[in-house]
Amino acid sequence: MPVHHRPPVSAALIAMQGRELHGIEIADGRAVELAAELDRINRQAEAAIPEFWFFDEPIQFLAELDALARPEDGE
Amino acid sequence: MNDAAALDVWETAAAIRSGRLTAEAAVAASLARIADWQPVVNALIRIEAEAALARARALDRAAAAGDWAGPLHGVPLAHKDMFARPGGEMTGGSTILPGHEQPAPAPAVARLEAAGAITVGWLNMSEFAAGPTGHNVHFGHNRNPWNPRHVTGGSSAGSGAAVAARMVAGALGSDTGGSIRLPAAMNGLVGLKPTYGRVSRAGSMPRAWSLDTIGPLTRTARDAALMTAAIAGHDPRDPSTSRRPFPDSLDFLERPASGLVLGRPPAAWMADATAEVADAVAAALHVFSRLGMTAQAVDAPPLEPLFALGDAISKSEAAAVHGTWMRTRAGDYSVHVHSRTEAGFHVPATRYLEATALRGRLLGAFVAGTFAGIDVLAAPILTFPVPTIAETDEGATSAIPAMVARLTRYTRPFNYLGLPALALPIGFDAQGLPMAMQLVGRPFSEPLLLRLAHQYQQATGWHLLEPTIERAAEPA
């Protein structure tokens, strides 16, 4: 599966987003740390992200758990 | 009865049922043990001695009249301080939560009490259930009864310490990224993170509702089965809960393990294990082999994407829960919890939605691939010794994500997948600190995990070892 990396988010955007979207002041140094953490999450997650999914998939997690259970494991 | 506090949950219930012990004596023994150990491990935030003794006397009167509440009649328990009850004083390990109105009682605790259990107190925890070590700047750090200089693991930190120190025989915890399994592993206990949807989270403090699970920490798998039987089941207040039944009888624990196939921990997951941990895991696999199980190599995918997707959900939902307080009461959070929650404001909504949308697909792929040909998967929890409180007391925000990731690397992916996982004690290291591994099963396979853990414990006996207050109180 091809992996399409999002570009890293800048510390400046993190600081601005914190202030303007969430009302939380973030010091410059802390914004650098948060940008690095977000970049780590994005890089690791992207290996599992497919290009497309159909309508029925996003709401199937609970049904999938139930469907994958084996009766003999629960007795 | 020499020391009723030394009995496990099943033994206490049996002693009361046979008339060898009263509920009042069981509670009194628990309270005495709490008085001895609390100064050492700091496991409780509130002790409800008078209410517990009053309920015990009422249960004793009922029993004398032939009226038994259920299989936990008279058994003293304590729980992580994150379950609501009207008029309660739940803290969630925080100074922010007290004083907020509480909803109807949390069914997890209410069901235990309906089965006859007595709640003697509410247990210390990581602030807002966010922290894998058990540090708490508001109520004091949790300390490990096997060596109080070491962490208990978190966030169900007091649940781990209280049960290991025999203050109570069982406790509820919650697990969003490892918060039952880590303290179970670090205190030498069985800890069951159930399948997502097995136990109602209604009335419990959320960390991340798409990942949160509630389960027991006990010394034995049999006790964990008893408690799970009481709390499992559908609850209209938590629409994620399954109607799939949990067995009423514990007879399933004795069904032989022979013929079952155990997946070996993938080599990549054990690559950073210390020699002591690797040897302990190998020895545990040998025990399962002696029980008649076959070991098989498995093809497991890299855990990093599953970890990151779970992390994206956890951070996003925690930021949503805490948004108002993060703006208005930021100074009331510890640096650790504030910094971890703060990151959630910057995960894009699209990433969060990808993470939630793909869970079914990735779960299906994981079960089809990794569980092909096996019944249960063995996996590490910690691949290194239980750290000290000082080692993990990260003051710099830059160091916290790596510390948390190191501790939760092998636990968080299974929260994302929703699979049940049981922490199993497998011995002690040269420092006398517990070692553990986890048994991971297909969805709703808790009875199978508990059965294998029970038979392992019958064959080994690690659960019979007990921390001593004399050793715990020794100066460093």
Side-chain angles (χ1 to χ4, degrees), chain A residues 1 3-4 6 8-11 13-27 29-75, chain B residues 195-197 210 240 242 244-247 252 255 301-302 304-309 311-312 315 319 323 326-327 330 339 342-343 345-348 351 353-364 367-368 371 375-376 397-398 400-401 405 417-419 441-449:
Chain A
M1 186 165 56
V3 177
H4 303 287
R6 298 184 188 203
V9 176
S10 71
L13 177 61
I14 293 284
M16 190 165 64
Q17 179 168 273
R19 187 169 54 248
E20 298 193 9
L21 275 183
H22 301 296
I24 293 175
E25 288 294 334
I26 301 171
R30 178 68 187 136
V32 171
E33 294 170 7
L34 287 168
E37 192 172 358
L38 185 58
D39 189 47
R40 191 264 306 164
I41 290 173
N42 282 334
R43 279 187 290 103
Q44 291 183 339
E46 278 161 2
I49 308 295
E51 290 182 337
F52 182 73
W53 53 81
F54 285 93
F55 170 82
D56 52 346
E57 191 167 337
I59 56 175
Q60 288 301 313
F61 177 59
L62 291 177
E64 189 75 12
L65 277 172
D66 201 55
L68 291 169
R70 298 191 309 187
E72 64 268 33
D73 291 348
E75 295 170 349
Chain B
T195 308
Y196 185 80
S210 295
S240 72
S242 171
R244 192 171 284 274
F246 189 90
F252 69 84
R255 285 172 55 200
E304 286 76 13
L306 303 174
F307 183 99
L309 292 165
D311 207 14
K315 285 181 163 56
M326 294 280 285
R327 281 183 282 276
S339 69
E342 183 180 41
F345 290 114
H346 305 286
V347 175
R351 176 102 306 150
L353 290 166
E354 286 167 344
T356 55
L358 292 170
R359 286 180 89 186
R361 177 193 291 225
L362 294 173
L363 167 65
V367 170
F371 276 88
D375 296 291
V376 171
T397 52
S398 60
I400 290 171
L417 295 172
L419 295 172
R442 288 179 173 81
F444 300 103
S445 64
E446 289 89 350
L448 175 59
L449 302 183

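Chain letters run A, B, ... following the sequence lines, proteins first and then strands; every chain starts at 1. Since we're looking at a predicted model, the values are computed, not measured.
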Novice: Can you tell me how far CE of B:M326 sits from CD1 of A:I24, rounded to the nearest 0.5 angstrom?
Specialist: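 These two atoms lie 5.0 Å from each other.
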Novice: Quick one, A:R19 with A:I26, criterion side-chain contact (heavy atoms from CB on, under 4.5 Å). Give me CA distance, side-chain angles, the key distance, then yes/no.
Specialist: CA-CA 7 Å; A:R19 187 169 54 248; A:I26 301 171; over 6 Å; no
Novice: Which bit of B:T195 is near chain A, if near means a heavy-atom gap under 4.5 Å: side chain, backbone, both or neither?
Specialist: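 Interface part for B:T195: side chain.
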Novice: Measure B:F246 against the heavy atoms of chain A and call it side chain, backbone, both or neither at under 4.5 Å.
Specialist: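 Nothing of B:F246, per the 4.5 Å heavy-atom cut-off to chain A.
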Novice: What option among B:T356, B:L449, B:L309 has the most heavy-atom pairs under 4.5 Å with chain A?
Specialist: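 The residue among B:T356, B:L449, B:L309 with the greatest pair count is B:L309.
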Novice: Does A:E25 come within less than 4.0 Å of A:R30, counting only side-chain N to carboxylate O?
Specialist: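 Looking at A:R30 together with A:E25, the answer is no, because their closest N to O distance does not fall below 4.0 Å.
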Novice: Counting only heavy atoms closer than 4.5 Å, note whether A:L38 contacts chain B via side chain, backbone, both or neither.
Specialist: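 Only the side chain of A:L38 comes within 4.5 Å of chain B.
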Novice: Among B:V376, B:L306, B:L419, B:T397, which residue forms the greatest number of heavy-atom pairs with chain A at distances under 4.5 Å?
Specialist: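 Sorted descending by pairs with chain A, the first entry is B:T397.
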Novice: Restricting to pairs with a member in residues 57-69 of chain A, which pass side chain to side chain donor-acceptor pair (under 3.5 Å), not counting sequence neighbours?
Specialist: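 Every side chain to side chain donor-acceptor pair (under 3.5 Å) pair that includes a residue of residues 57-69 of chain A, provided the two are not neighbours, is A:E57-B:R361, A:D66-B:R244.
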Novice: Among A:L62, A:L13, A:I14, single out the residue with the greatest number of heavy-atom pairs under 4.5 Å to chain B.
Specialist: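 Of A:L62, A:L13, A:I14, A:I14 has the most heavy-atom pairs under 4.5 Å with chain B.
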Novice: Please identify, among B:A405, B:G364, B:G441, the residue contributing the most non-hydrogen atom pairs under 4.5 Å to chain A.
Specialist: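 Result: the option with the highest number of such pairs is B:G364.
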Novice: Residues two or more places apart in sequence or in another chain: which of them pass salt bridge (Lys or Arg N to Asp or Glu O under 4.0 Å) with A:E72?
Specialist: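 A:E72 satisfies salt bridge (Lys or Arg N to Asp or Glu O under 4.0 Å) with A:R70 only.
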Novice: What residue in B:A343, B:P401, B:S398 has the most heavy-atom pairs under 4.5 Å with chain A?
Specialist: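 Highest number of pairs under 4.5 Å: B:S398.
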Novice: I'd like to know which of B:F371, B:F252, B:F345, B:Y196 tops the heavy-atom pair count under 4.5 Å against chain A.
Specialist: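 The candidate making the most pairs under 4.5 Å is B:F345.
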Novice: Contact part of B:V367 toward chain A, heavy-atom cut-off under 4.5 Å: side chain, backbone, both or neither?
Specialist: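 For B:V367, side-chain heavy atoms alone lie under 4.5 Å from chain A.
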Novice: When rounded to the nearest 0.5 angstrom, what distance separates CZ in B:F444 from CG in A:L65?
Specialist: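 CG of A:L65 is found 5.5 Å from CZ of B:F444.
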Novice: Heavy-atom distances under 4.5 Å only: say whether B:L362 touches chain A with side chain, backbone, both or neither.
Specialist: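 Side chain only.
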Novice: Quick one: what part of A:L34 sits under 4.5 Å from any heavy atom of chain B, side chain, backbone, both or neither?
Specialist: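 For A:L34, side-chain heavy atoms alone lie under 4.5 Å from chain B.
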Novice: For the residue pair A:H22 and B:H346, does the interplanar ring angle fall in the parallel (under 30°), tilted (30 to 60°) or perpendicular (over 60°) class?
Specialist: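 Judged by the thresholds at 30° and 60°, the geometry between A:H22 and B:H346 is perpendicular.
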Novice: Within the 4.5 Å heavy-atom criterion, are B:E304 and A:R43 side-chain neighbours or not?
Specialist: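 The answer is no, as the side chains (C-beta and beyond) never meet within the 4.5 Å cut-off.
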